[in-house]
Amino acid sequence: MSDFTPRSEFLQTLMARGYVHQCSDFASLDALAAEGKVVAYVGYDCTAPSLHVGHLISIMMLSWLQRTGNTPIALMGGGTTRVGDPSGKDETRKILTIEQIDANKAEIRKTFAKFLDFGPGKAVMTDNAEWLAPLNYIEFLRDVGRHFSVNRMLSMDSVKLRLERENELSFIEFNYMLLQSYDFVELSRRYGCNLQMGGSDQWGNIVNGIDLGRRMGTPQLHALTCPLLTTASGAKMGKTAAGAVWLDAGMLSAYEYWQFWRNTEDADVGRFLRLFTFLPLDEIARLEALSGAGINEAKKVLATEATALMHGREAAEAAAETARTTFEAGGTAADLPGIEVPEAELKAGLGVLSAFVRAGLVASNGEARRQVQSGGLRVNDAVVTDIGQTLTLADATQAGAIKLSFGKKKHVLIRPA
RNA sequence: GGGGGAAUGUCCCGAGCGGCAAAGGGGGCGGACUGUAAAUCCGCUGGCUAAGCCUUCGCAGGUUCGAGUCCUGCUUCCCCCA
């Protein structure tokens with residue numbers, strides 16, 4: 001599939017940067033893209049109030065689509081979120097209330113605004129609840145359901161896996177692919193959408209949509225999937241100790257987001273620079289070629305560029321500076337994450353163990369105790385050896401705060417208030 | 001409808017003669033080594049006012065000095081027969 005040589009800037013870019021996993025028809029899509037006639041959508045669930053790093057790759061694809069003169073559509077799954085996609089999951093997804101979905105949707109909207117231009121005639125954002133919610137069951141069965149073969153649906157990976165593993169697959173989830181297919185058709189009719197993009201796990205669902213389109217008389221539709229991202233050591237991308245790496249600043253600060261990218265494995269740096277920044281390829285090639293400790297420079301560029309896209313250039317530079325002060329100069333940057341503790345409490349003396357719990361660095365006093373055993377806790381850069389140690393106002397440094405560190409990378413400031 | 005099997009530490013998989021805070025993995029976290037990397041090695045991976053106390057093995061009862069383990073009922077899932 002990769003021996004195809006595209007003419008269009010869109011496909012050239014995507015292929016060169018490693019976004020392409022599979023495509024239903026390269027030549028046909030390339031022809032559309034060369035004329036700026038691609039209208040492509042990616043669907044996003046509204047199960048959380050923020051998207052996470054896992055979604056970023058497809059957002060970047062939409063952005064490149066726009067940058068190369070085509071039209072992106074961000075589809076909010078306000079309707080499908082009420083059903084739940086069984087793809088790649090063993091367990092039935094929680095079904096959210098409409099209020100939760102709407103609230104999540106509003107937050108997610110803000111993220112897209114940073115990557116896409118929604119001006120008149122530009123990118124489109126819509127919600128499939130618009131056409132899915134008013135659907136009439138009988139009509140839907142008659143117009144759409146008739147085109148689906150249960151035999152074939154049963155043979156699809158997403159379904160087959162669940163059956164083979166003897167996992168429950170509810171009827172409502174079984175219907176998810178019908179709804180997603182119908183979305184594609186509906187978007188084709190409403191916006192002339194002719195391409196759906198998504199992760200490689202979406203291939204089956206997307207191809208179903210293409211089929212449905214053919215049967216329901218839309219122009220030819222296309223599928224383009226990107227690889228599912230894992231790190232070079234095989235871990236799922238976008239998970240940290242704290243959980244998902246959220247895009248929204250309210251869920252994860254710019255500093256923590258910067259740190260996430262800074263901690264990229266050596267082997268991933270080039271790949272991530274191509275996928276998650278807009279830096280020119282020759283510049284990336286130069287950074288990627290750095291070896292040994294030099295590759296850290298590339299990681300900083302990656303972190304700052306990726307953070308700038310999401311949180312703005314200024315926040316990204318600030319995060320880089322905070323990191324520099326903390327890690328390279330060994331100092332205490334004033335804008336590390338922090339918590340406030342009433343002055344009176346500090347006067348009375350606050351136990352180290354509970355201080356670390358308060359700071360959210362460890363889950364319980366017990367864990368704090370154990371970490372002291374292994375030398376993982378530090379106060380103002382001094383290793384904690386006595387679990388009975390208490391913190392008082394006198395421990396505040398000239399910056400006016402007490403620095404708690406858990407491991408080498410996690411720091412929280414305690415500020416008297 | 002009948003018969004058989006399963007549910008374990010709230011991340012997952014998974015052992016468990018009536019003495020069990022419960023083997024072993026994976027994952028995660030910390031330490032050492034490094035470069036805020038990977039690999040490797042070591043340690044940790046229920047809670048608390050901590051030589052003690054409390055809460056955990058699908059749910060509810062029972063037997064017992066003592067129950068994850070035995071008995072009864074229930075729930076859910078799987079397999080075979082109808």
Side-chain angles (χ1 to χ4, degrees), chain A residues 88-92 94 161-170 230-245 253 255-273 287-304 306-307 319-333 336-337 348-379 381-388 390 403-412:
Chain A
K89 289 168 199 75
D90 280 344
E91 281 170 34
T92 304
K94 266 187 228 156
L161 230 72
R162 288 278 283 266
L163 295 180
E164 275 169 6
R165 293 205 209 166
E166 296 173 350
N167 271 315
E168 172 78 10
L169 175 67
S170 70
T230 54
T231 66
S233 9
K236 256 188 210 141
M237 171 92 187
K239 291 276 184 169
T240 64
V245 177
S253 72
Y255 171 74
E256 290 168 292
Y257 191 72
W258 193 93
Q259 282 297 320
F260 167 75
W261 292 106
R262 171 65 244 261
N263 286 308
T264 297
E265 293 178 26
D266 287 8
D268 288 326
V269 173
R271 197 159 55 106
F272 286 4
L273 279 167
L287 290 167
E288 192 179 14
L290 295 171
S291 61
I295 193 112
N296 283 328
E297 289 312 309
K299 291 185 190 181
K300 288 177 205 166
V301 173
L302 169 64
T304 302
T307 305
E321 181 52 26
T322 301
R324 203 192 61 76
T325 314
T326 308
F327 289 94
E328 290 174 28
T332 301
L336 282 171
L350 178 62
V352 249
L353 300 185
S354 46
F356 275 89
V357 175
R358 285 274 281 278
L361 288 168
V362 295
S364 66
N365 283 359
E367 189 188 348
R369 242 172 250 267
R370 280 181 236 116
Q371 288 302 341
V372 169
Q373 293 292 314
S374 31
L377 303 187
R378 277 168 296 142
V379 172
D381 297 315
V383 176
V384 177
T385 50
D386 174 17
I387 58 171
T390 54
K403 180 163 92 166
L404 302 186
S405 308
F406 174 47
K408 286 178 199 141
K409 301 179 189 172
K410 278 156 284 184
H411 309 278
V412 171

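- You'll find the side chain of Trp261(A) stays beyond 4.5 Å of the side chain of Lys299(A), heavy atoms only.
- To the nearest angstrom, P of G47(B) lies 8 Å from CD of Glu367(A).
- Of the C1' atoms belonging to G68(B) and A22(B), the separation is 8 Å, rounded to the nearest Å.
- As judged by a 4.0 angstrom heavy-atom cut-off over every strand, Arg370(A) is placed among residues touching the sugar-phosphate backbone only.
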Show each protein N/O and nucleotides 30-33 of chain B N/O combination with a separation under 3.5 Å, one pair to a line.
from	atom 1	to	atom 2	distance (Å)
G30(B)	OP1	Lys410(A)	NZ	2.9
G30(B)	O4'	Gln371(A)	OE1	3.1
G30(B)	O2'	Gln371(A)	OE1	3.3
G31(B)	O4'	Ser374(A)	O	3.3

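- Distance Tyr257(A) OH to U36(B) P: 22 Å, rounded to the nearest Å.
- Going from atom CD of Glu265(A) over to atom P of G35(B) covers 18 Å, rounded to whole Å.
- Nucleotide A15(B) has no partner under the Watson-Crick or G-U criteria, as no pair reaches both atom distances under 3.5 Å.
- Comparing A21(B) with U56(B), their P atoms are spaced 13 Å from each other, to the whole Å.
- The interatomic distance linking Glu297(A) (CD) with U36(B) (P) rounds to 11 Å, in whole Å.
- Residues that satisfy the side chain to side chain contact (heavy atoms under 4.5 Å, CB included) test with Ala320(A), not counting sequence neighbours, are Trp258(A), Thr304(A).
- Residue pairs that meet the side-chain hydrogen bond (donor to acceptor under 3.5 Å, both in side chains) test with at least one member in residues 351-366 of chain A, sequence neighbours left out, are Glu345(A)-Arg358(A).
- G18(B) sits 11 Å from C71(B) when the P atoms are compared, rounded to a whole Å.
- Only at 4.0 angstrom or more do the heavy atoms of residues 350-360 of chain A sit from any atom of RNA chain B, so none qualifies.
- Across every strand in view, C77(B) sits in a pair with G5(B) that passes the Watson-Crick or G-U test at under 3.5 angstrom.
- Looking at residues two or more places apart in sequence or on another chain, you find a side chain to side chain contact (heavy atoms under 4.5 Å, CB included) between Lys409(A) and Asn263(A), Phe327(A).
- A38(B) atom P lies 11 Å from atom CZ of Arg262(A), rounded to whole Å.
- Under the salt bridge (Lys or Arg N to Asp or Glu O under 4.0 Å) criterion, Arg369(A) pairs with no residue at all, not counting sequence neighbours.
- When Val362(A), Leu361(A), Leu336(A) are each tested for a side chain to side chain contact (heavy atoms under 4.5 Å, CB included) with Lys410(A), only one passes: Leu361(A).
- The separation of C29(B) from U36(B), taken at their C1' atoms, amounts to 16 Å, rounded to a whole angstrom.
- Nucleotides G19(B) and G66(B) have their P atoms positioned 14 Å apart, rounded to a whole Å.
- Atom C1' of nucleotide A38(B) and atom CZ of Phe272(A) are separated by 14 Å, given to the nearest angstrom.
- For C20(B), the O4'-C1' to base torsion is within 90° of 0; the nucleotide is therefore syn.
- Following rounding to the nearest Å, Ile387(A) (CD1) and C48(B) (P) show an atom-to-atom distance of 12 Å.
- Pairing for C20(B) is absent, judged as Watson-Crick or G-U wobble with the two contacts each under 3.5 Å.
- Under the side chain to side chain contact (heavy atoms under 4.5 Å, CB included) criterion, Leu290(A) pairs with Leu287(A), Glu297(A), Ala298(A), not counting sequence neighbours.
- Judged by distance alone with a 3.5 Å cut-off, a donor-acceptor contact links the side chain of Gln259(A) to the base of U36(B).
- A 4.5 Å side-chain heavy-atom check between Val269(A) and Ile295(A) finds at least one atom pair inside the cut-off.
- When both distances must be under 3.5 Å, the Watson-Crick or G-U wobble mate of C70(B) is G62(B).
- With C1' as the reference atom, A6(B) and C59(B) are 15 Å apart, rounded to whole Å.
- With a cut-off of 3.5 Å on both Watson-Crick or G-U wobble distances, the partner of C44(B) is given as G28(B).
- The shortest side-chain heavy-atom distance between Lys403(A) and Asp381(A) falls under the 4.5 Å cut-off.
- Contacts of Gly292(A) with the nucleic acid, taken as non-hydrogen atoms under 4.0 Å apart, include base atoms.
- Distance noted for atom C1' between C41(B) and G47(B): 31 Å (whole Å).
- Nucleotides G3(B) and G73(B), compared at atom P, are 12 Å apart to the nearest Å.
- Applying the salt bridge (Lys or Arg N to Asp or Glu O under 4.0 Å) criterion to Glu288(A), with sequence neighbours excluded, gives Arg274(A).
- Comparing Asn365(A) and Ile295(A) by the nucleotide of RNA chain B that holds the closest heavy atom to each, the one mapping nearer the 5' end is Ile295(A).
- With hydrogens and angles ignored, a donor-acceptor pair under 3.5 angstrom links the side chain of Asp266(A) to the base of G35(B).
- Evaluation of the salt bridge (charged side-chain N to carboxylate O under 4.0 Å, His left out) test over residues 322-331 of chain A, restricted to residues two or more places apart or in two chains, returns Lys300(A)-Glu328(A), Glu321(A)-Arg324(A).
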